[in-house]
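In what follows, a structure is listed as C-alpha cells, so that the remarks can point back to it.
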There are 2 protein chains.
Amino acid sequence: MQLNRIIANIFRKYLKPFGITDSQLSILFVLAKKSDLNQKKLSELVVLEKSSLNRNLSRLENANLISKNDFPYINITDNGRDLVLRITPEWKKAMVESEKLLQNDGKIALEVIMNNIKQ
Amino acid sequence: MQLNRIIANIFRKYLKPFGITDSQLSILFVLAKKSDLNQKKLSELVVLEKSSLNRNLSRLENANLISKNDFPYINITDNGRDLVLRITPEWKKAMVESEKLLQNDGKIALEVIMNNIKQ
DNA sequence: TGAAATAAGTTGTATATACAACTTTATGCT
DNA sequence: AGCATAAAGTTGTATATACAACTTATTTCA
C-alpha cells in the first residue's frame, strides 16, 4: 500500500504543472482513443466510481478539455488532445521513476506485469 | 494509476469490518515490530506525509490501538497487538485478491495506456 | 402507448491525503 | 545558561475519492 502512495506522489509531482490529476489524465487518454463513451463505460475503463468520474468530468469540462455537449456521450476537445500531446513526455518520466521504484521492491507483483508490457 | 485504486478498494473492503484503513494498518504493522519510534521515523517507514501520519495516529489513539503517552515516542498497545493478530488473515485475503486482479485485469488496463503513448 | 422498473447520471456527506503555515520541542553555539 | 536556529509535531485548508441518496433518462412489457 505504501507503493500506491509513492507512485501517486510521483505522478502528482509531474502532472501538477499542467493542473491535472492522474485520474483526469487517465480519462483523457481513454477519450483520446475512443469517442462517444458514456459515463458508465468510462467509469469502467478508468476504474473510477461513477460519482468520482462525474466530478472529474466537471473539472475537465471547466478546463475545456472535454465536452458534455452531445449528452450522454463524452468527447475530448481539441484543447484536450493538445494537452495529451504536451503532457505525455512528463507522464513518461513519471512512469520511468515509478518503474525504478518498483524494480527496487522486486517482490511486488506489479513489477512482473510492468515488465511484461514493456516487452 | 487505475491499479492503485483497484487495490485500494480491495483493501478497504477487507479492512472495513475492523474500522481501520490500510494506512493505519501499515502503521500498526510497523509498530508491532519496532517500539519507541517518533513520528518522523514512522512517517518515513510507512511513507505518509507527516501531517497525514499525525492524523492517523490520532485516530489510532482514539481507538486505543496506539499510545502517545511516552512522547515523542509512539507505541502500540496490547489492544493494537491483538487487532494485528486478528486482522492478519483478512489482510492476506486482500493480498491474494490483489495479486489475482493484477494478473487478470491489470495487464489490459495498462495496455490501453501504452497504446495511447505509442501515438 | 404509457406506466413501472431499471439504469445512468448527479448531488450530499464523510474520510483520507498532501501541502503550507503555525506551534512546540530539541539542538547548537557563544 | 540563554538565545538563535533547526527539527518535529500540529493545525488550517483544498482536493480527491467512495458510498449512499436522490434525480433524470431509458427500457420493458402489458
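Every chain is numbered from 1 and lettered A, B, ... according to where its sequence line falls, protein lines coming before strand lines. No hydrogens, no waters, no symmetry mates; every other heavy atom, side chains included, goes into these values.
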> What is the distance, rounded to the nearest whole Å, between atom CD1 of A:I6 and atom P of C:dT17?
Replying inline: 14 Å
> Can a salt bridge be assigned to the pair B:E90 and B:K93 using a cut-off of 4.0 Å between side-chain N and carboxylate O?
Replying inline: yes
> Do B:L60 and B:I76 come within less than 4.5 Å of each other through their side chains, counting heavy atoms only?
Replying inline: no
> Tell me: CG of A:L15 to P of D:dA16, nearest whole Å?
Replying inline: 12 Å
> With no hydrogens and no angle check, do the side chains of A:R5 and B:S52 hold a donor and an acceptor under 3.5 Å apart?
Replying inline: no
> Taking CD from A:Q24 and P from D:dT15, how many angstroms apart are they, rounded to a whole number?
Replying inline: 11 Å
> Does the pair B:D36/B:K41 count as a salt bridge with the N-to-O cut at 4.0 Å?
Replying inline: no
> Do A:L57 and A:E61 come close enough that some side-chain heavy atom pair is under 4.5 Å?
Replying inline: no
> So which of residues 65-74 of chain A are in contact with DNA chain D, with a heavy-atom cut-off of under 4.0 Å?
Replying inline: none
> In residues 28-41 of chain B, what residues come within less than 4.0 Å of DNA chain D, judged by heavy atoms?
Replying inline: B:N38, B:Q39, B:K40
> Reckon B:T21 touches a base, only the sugar-phosphate, or nothing at all at heavy-atom distances under 4.0 Å?
Replying inline: sugar-phosphate
>> Looking at B:K68, I'd like to know if its NZ atom is crowded, meaning that more than 12 non-hydrogen atoms belonging to other residues, nucleotides or ligands lie closer than 6.0 Å.
In response: yes
> Separation of A:N4 atom CG from C:dA16 atom C1', in whole Å?
Replying inline: 13 Å
>> Tell me whether B:K13 at atom NZ has more than 12 heavy atoms from other residues, nucleotides or ligands lying less than 6.0 Å away.
In response: yes
>> Nearest whole Å is fine: how far is D:dA14 P from A:R59 CZ?
In response: 15 Å
>> When you compare the side chains of A:N9 and A:R12, does any donor N or O come within less than 3.5 Å of an acceptor on the partner?
In response: yes
>> How long is the straight-line distance from CD1 of A:I74 back to OG of A:S67, given to the nearest 0.5 Å?
In response: 8.0 Å
> Separation of B:F11 atom CZ from C:dA16 atom C1', in whole Å?
Replying inline: 17 Å
>> Check this for me: A:Y73, atom OH, are more than 12 non-hydrogen atoms of other residues, nucleotides or ligands nearer than 6.0 Å?
In response: no
>> What is the distance, to the nearest angstrom, from the CG atom on B:D22 to the P atom on D:dT17?
In response: 15 Å
Nucleotide N/O to protein N/O under 3.5 Å, stretch nucleotides 18-20 of chain C:
from: C:dA18; atom 1: OP2; to: B:E49; atom 2: N; distance (Å): 3.2
from: C:dA18; atom 1: OP2; to: B:S52; atom 2: OG; distance (Å): 2.7
from: C:dA18; atom 1: N7; to: B:S52; atom 2: OG; distance (Å): 3.4
from: C:dA18; atom 1: N6; to: B:R55; atom 2: NH1; distance (Å): 2.9
from: C:dC19; atom 1: N4; to: B:S51; atom 2: OG; distance (Å): 2.5

> Do B:N62 and B:R59 have a side chain donor and acceptor closer than 3.5 Å?
Replying inline: no
